[in-house]
Every structure is written in structure tokens, then in C-alpha cells.
A.B. asks: 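Dropping the structure in here first, questions after.
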Amino acid sequence: MDFQKVIAVATRRGIFQPAYEAYGGLAGFMDYGPVGVRMRRRILEVWRKHYVIDAGCLELDGALIGPESLFQASGHLGEFDDALVDCKNCGKQFRADHLVKNGEEMSRKELSNAITETNCPGCSEELSEMSSFNLMFSTGVGAGKGAPGYLRPETAQSIFLAFPWLLRQNRGKLPMAGAQIGRSFRNEISPRQGPLRMREFTQMEVEHFFLPTDEPKLSNELRKITINLLAANGNETNSTVGEAFDSGGISSSLVACHLARAQHFLITIGVPVNKLRFRQHGSNEMAHYSSDCWDGEINTSLGWIETVGVAHRGDYDLSAHGNASSKEFRVAVPGTEKEIEVWMPDVGKLGKEFKGDAKIILEAIKDIDLEPGVSVNVNGKSIELSAEYMSLKTERRSEMVYPNVVEPSFGLDRILYCLLESSWKSDGEREWISLPQETSPYDLLVAPLMTKDGLDEKAQEILKSAVNVGIDAYYDEAGSIGRRYARADEIGIFFSMTIDHQTLEDGTVTLRERDSKNQKRISIENAINKVRR
RNA sequence: GCGGGUGUAGUGUAGCCUGGUAUCACUCAAGGUUGCCAAUCUUGGAACCCGGGUUCAAAUCCCGGCACCCGCACCA
């Protein structure tokens, strides 16, 4: 199925549509309808099962709007805030800092001046005024103009900031992973292709923290998972994750773990294994902080679509926040705890002797190793501190280090699109969505063969008992039974249960399986047990 | 953001050149009939992307905007 067809089916069957259509539409925003919301919830359920329940990630739901200082530290204000110019003649657009020598180190003003003396690299004509483009949506927090704030461009930062908090919840133990499902916002220059490039989108992200000296090993279970890899050097391989790691194709054991997990998750929700590959970023494509990065890509009618990224981010984020904020983001390296003797200043004596200058002295010795005879500069005078102003104390200290992090990051909207395209089946007679039950929008269609002789009442009764045990059921009594099967198939309802006259006599129903169309006559109780997930 | 194309019921479309009550199919709803894979009959609902201009009259011609598609650029 191609892109246009997916969009048409999605609109017709209540999966998604462009948002704000009544007002002419707004590019980059989508609304999900009744069926789409169910599919999203189901995919998220599987994701949570994989990462939160099974892998034991600590789940977080962070705030959407963040202060300017956060995005300065994370690098988003610098990196995302591009100065653009375009050519007045040929209309081509460029990043201003790429056109000027040393442009990346210039201030906005310097850059603006330099640009007026620069011409279009394409046609040598005059360039337009420089305009600023920030990929983040900005807003004001509080009354009046308010303090500047931004909608988060990724969910990851919430987890990084929550790291010390989460670590306490984990009673200080590493490795530890935080997980988050949530919306992110990017003011894309040209959003295209509906759910594939949105300005508001849903991410599922994991930040897996570990000591650089103690990277989690690849478990035997994950080793066995088979995976398609496309290395940065162009080599394509199909092997187990274990083999790929042993041969050095994947350099980090935790990256290998997460490639395996991502593969397993995508297969579980219904992505065909032959349409899935993991492509390694080349060094020029990689973000500046990343040492190894793989994109999980799904093959569609539009080519390979990136739906997952697994990146080794080193300690870039935690050290950035550690340096810029007032919080400690480092952890003690176990086993490095040592007793050491340190000289501590005797504040009382210093105060009595130096009065007002004591404050300056304390400030000056804060960042140096204190020892007898050290001299400090006070108002231009050098003062030597003898042992009487300090005492030797024994302390236990550990080596402190920023944990490293491996981040698998999933784009829900893209995954949903790819699933729709790959699970769309057609055999000439009927068209249906062939998703596994886990991600089908409904478990069961309940349909009375006729709406008379009490069949509909019986069906309603069965519907109620199915819903009571957690089955997501859809009731339909309109039109011929064939038409109802077809309607159910098109939104991917996994089972259909038909109630006929025999049901009233012996309590059996026919249970139909969507993909095979096979029907079995079984008792109501057995049918419900079979449908139950 | 640039260039090209497109915009008509829920979906897919005809009509646009050459201005004059908007076509067809499916879908949807109600009723009849039928009763296990989109059967059938009757009836009904539902659209010219938005704004301005030209004209007696605009889906149709012109201008602007918005959205979508393709290409370029952008996509830490």
C-alpha cells in the first residue's frame, strides 16, 4: 500500500487526519481518531511491557515546558537556533554560519555584518537579511511577558534532569534506566508526509545509565536475537546480536542490548522482520556528543523510514547539567572509597585573627588543596597560613564520575504509520489490517446474525461479559454479516464472534479469526477465554 | 523557505480549457427482504480549501492566503 492510500484509509476508518482542517489546516499537526488512539495505546502497552515491566526501567512523566537555562545547558538553544539567509536571486537557502569563515564562533551581530559582505555561493548574487530560526517553540512563563520558556524538543532532558532523583529511587544503584512516553515539539521548517514529520509528536525514550567502567553485559537471551545490520562502512549483515558484538560490528555491549531489545519490540508489535534493519551512522552524520548511533529503519513505499534511534551519548548530557546547574550529577565509583587525610581550615581562629579578611581567605582556599604554609592573596597582600589555622582530619572519599548513557528513542507516530502500511493486506476480495492481536485496535467483534428472535439481546449479553473480563470488543448489528466482517477487517479487529439461533439452544457461537477467515463453533466460555489476552 | 503540480460529499472521482441548477461509484443512515463473508429493493444525508477581484452570473477566469504532493534546501 502506498502513502496516499494509507492516508485515505486512515481518514476513512478513524485512525488519523490532519488537525485543524476546518480552519484550513496547520502543517505538522495531526489528530488521532477512535481507531488510531486504540492502536497507539496498544503499541504503548507493548512498549511499557518491554521496557518498564520486563526491563525494569523507572518510568517518568516530565513537564513539557522548560526554562531557558535548561536548554542552554543541553545545547538546544545553541544547536537548534540557526541563522538563515536566502539568495535574493535564486532563492536558495543557507545557514549563515556556514557561509562565513569562522561563522560558527561569531555572535549574531558579527555574523549579520559578515553576511552583508557575502554573496550567494551558487549564483554570486546578493543575499537577504539574516533571519533567525529556532527549532524550539518558545513561550512565556508567568504573567506579562513572563520568563522565556520552551516546549521540549525531546523527552530525554526530563530524564537527565531527574537522574539524581531516580537514582535515589533506585537506592543509589547503577546501572539504572529511566523511561518516558510523552510528546515533544519541534518547529520543523517544512513538515512533510503527515505522521512522518510532525511538529508535535510522541516519543518513547529510555536513558540507560551506567558506570563507564562497568557497562552492562549482553545477556544470553538477547544474544540470540537475529538482526539486520547496515554498518557505516556499507557492510550489510544478518546475524545474531551476539555474533555482531563478538566480531566488533557493534562496539558497545549496552548498545548491542538495546539494538536487540528494539528489534524484539518492533517484531512483537507486527513489523515484518524482512522490512527492518539497523543502520549505523557515519561519523559526519552523528551528533557531536555521540560515539555510536544506529537507526532502526522500516522499509516502506517511501523508502527506509527512521523509527528508532539507539545512541551512545557518553556523559555529554549529565556533565552538561552537572556543570551548568547546582546539582550533583556524578556518582561515586564503588570500590574507590578511601580514607584520606585533609587539612581543614580552623574558621574560628581565622576569624579572630583576620576579622573581615577571613571571608576572603576562606573563599580563596575553597578550590585549592589546603596545607600548612600555603599562601593566599588578600587585597594584594600575600598571607601565608601556618598550621595553627588548620587541622588535619580523616575523611572517606570516593572517586566521582559522570555515568554514561545509552539511549534508545522511538517515534510512535512513525511506527504507527509504518505498521499501517506493512500490515495492510489485500487479496482482491477484501482488504484488511493484519496486525498481531497485541496491537489490533479491537480484540473482538460481537455480531448477532440477525436482529430478531432475541439474537441481538443475547449478543449484548455476551458483549457485556466479554468487556467485563477486559476484552476490547466492538458491537455491530447493521447490515449483512459479510459486510460487518469486512468493516471489522478493515480496522483490524482480531476475532469475530457471531451469535445465531443455535447459540440460544446450546450456548455455542462461531468464532472467526481475521487473517485466515477460519470459523469454529465453540462454547461462549471457551470463545471468551481464547480472545482474552 | 524556494521552484513545479494539486485542492469538488466520509472515500475515489467527472465537470474547469470554452463561466449559467455539480457527475458517477463506493460508503453512511432509515425501512423492507435475506440470513455466515461487502447480496438486494426503496428512501434519505452529505462537497466545489479560504479570502478578495472580474462578471448579470465563478467549482470554472485573475490575485492573495492556507493545505497537500514532488524536487531542492532543512532535519542537533
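Here is how names work: the chains are called A, B, and so on, in the same order as the sequence lines, proteins then strands, and each is numbered from 1.
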A.B. asks: Are side-chain N/O atoms of A:Thr155 and A:Glu205 paired as donor and acceptor at under 3.5 Å?
C.D. replies: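 Looking only at side-chain atoms, A:Glu205 and A:Thr155 do form a donor-acceptor pair, the distance falling under 3.5 Å.
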A.B. asks: Within the sub-3.5 Å range, which N or O atoms of nucleotides 27-29 of chain B have a protein N or O partner, and how far apart are they?
C.D. replies:
unit_1 : atom_1 : unit_2   : atom_2 : d
B:U27  : OP1    : A:Arg483 : NH1    : 3.0
B:U27  : OP1    : A:Arg483 : NH2    : 3.2
B:C28  : OP1    : A:Arg487 : NH1    : 2.4
B:C28  : OP2    : A:Arg483 : NH1    : 2.8

A.B. asks: Decide yes or no on side-chain contact (heavy atoms from CB on, under 4.5 Å) for A:Ile250 and A:Leu259, but give the supporting numbers first.
C.D. replies: CA-CA 9 Å; A:Ile250 305 169; A:Leu259 288 175; 3.7 Å; yes
A.B. asks: Mind listing the N/O atom pairs, protein and nucleotides 6-8 of chain B, below 3.5 Å?
C.D. replies:
none

A.B. asks: Using heavy atoms and a sub-4.0 Å distance, could you list which residues of residues 455-467 of chain A are near RNA chain B? By number, please.
C.D. replies: none
A.B. asks: Can you tell which of B:G35, B:C72, B:C36 lies closest to the side chain of A:Arg192?
C.D. replies: B:C72
A.B. asks: Let's see if you can work this out: which of B:C75, B:C70, B:G35 has an atom nearest to the side-chain heavy atoms of A:Glu188?
C.D. replies: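 Nearest to the side chain of A:Glu188 among the choices is B:C75.
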A.B. asks: If only side-chain N and O atoms count, and only distance matters, is there a donor-acceptor pair under 3.5 Å linking A:Trp432 with A:Asp427?
C.D. replies: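 No donor-acceptor contact under 3.5 Å links the two side chains.
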A.B. asks: Does NZ or CZ of A:Arg277 come closer than 6.0 Å to the centre of the six-membered ring of A:Trp304, within 45° of the ring's axis?
C.D. replies: yes
A.B. asks: Looking at the side chain of A:Thr11, which of B:C36, B:C68, B:G10 is the nearest nucleotide?
C.D. replies: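 Selected nucleotide (nearest to the side chain): B:G10.
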A.B. asks: Give me the distance, rounded to whole Å, that separates B:G64 from B:G7 when you measure between the C1' atoms they each carry.
C.D. replies: 16 Å
A.B. asks: Look at the side chain of A:Ser190 and decide which nucleotide, out of B:A67, B:C37, B:A73, has an atom nearest to it.
C.D. replies: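 So the nucleotide nearest the side chain must be B:A73.
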A.B. asks: Against A:Ser440, only a single residue in A:Arg514, A:Arg533, A:Arg38, A:Arg42 fulfils side-chain hydrogen bond (donor to acceptor under 3.5 Å, both in side chains); can you say which?
C.D. replies: A:Arg514
A.B. asks: What is the base-pairing partner of B:G64, counting Watson-Crick and G-U wobble geometry with both distances under 3.5 Å?
C.D. replies: B:C50
A.B. asks: Select one nucleotide: of B:G12, B:C36, B:C69, the one nearest the side-chain heavy atoms of A:Ala8.
C.D. replies: B:G12
A.B. asks: Where the side chain of A:Ile189 is defined as all heavy atoms beyond and including C-beta, which of B:C36, B:A38, B:G1 is the nearest nucleotide?
C.D. replies: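 So the nucleotide nearest the side chain must be B:G1.
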A.B. asks: Looking at the base of B:C66, is there any donor atom on it, or on the side chain of A:Tyr23, that sits under 3.5 Å from an acceptor on the other one?
C.D. replies: no
A.B. asks: Going by atom types only, do A:Thr451 and A:Glu477 share a side-chain donor-acceptor pair under 3.5 Å?
C.D. replies: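 No, no side-chain donor-acceptor pair sits under 3.5 Å.
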A.B. asks: Counting N and O atoms only, with roles assigned by atom type, does the side chain of A:Glu215 sit under 3.5 Å from a partner on the main chain of A:Leu254, one being a donor and the other an acceptor?
C.D. replies: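 Looks like yes, one N/O pair under 3.5 Å.
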A.B. asks: Can you confirm whether the side chains of A:Thr307 and A:Tyr417 place a donor and an acceptor under 3.5 Å from each other?
C.D. replies: no
A.B. asks: Just checking, is any N or O donor in the side chain of A:Asp443 or A:Gln437 under 3.5 Å from an acceptor N or O on the other one?
C.D. replies: yes
A.B. asks: Measuring to OP1 and OP2 of B:C70, would you say a side-chain N or O of A:Gln193 lies under 4.0 angstrom away?
C.D. replies: yes
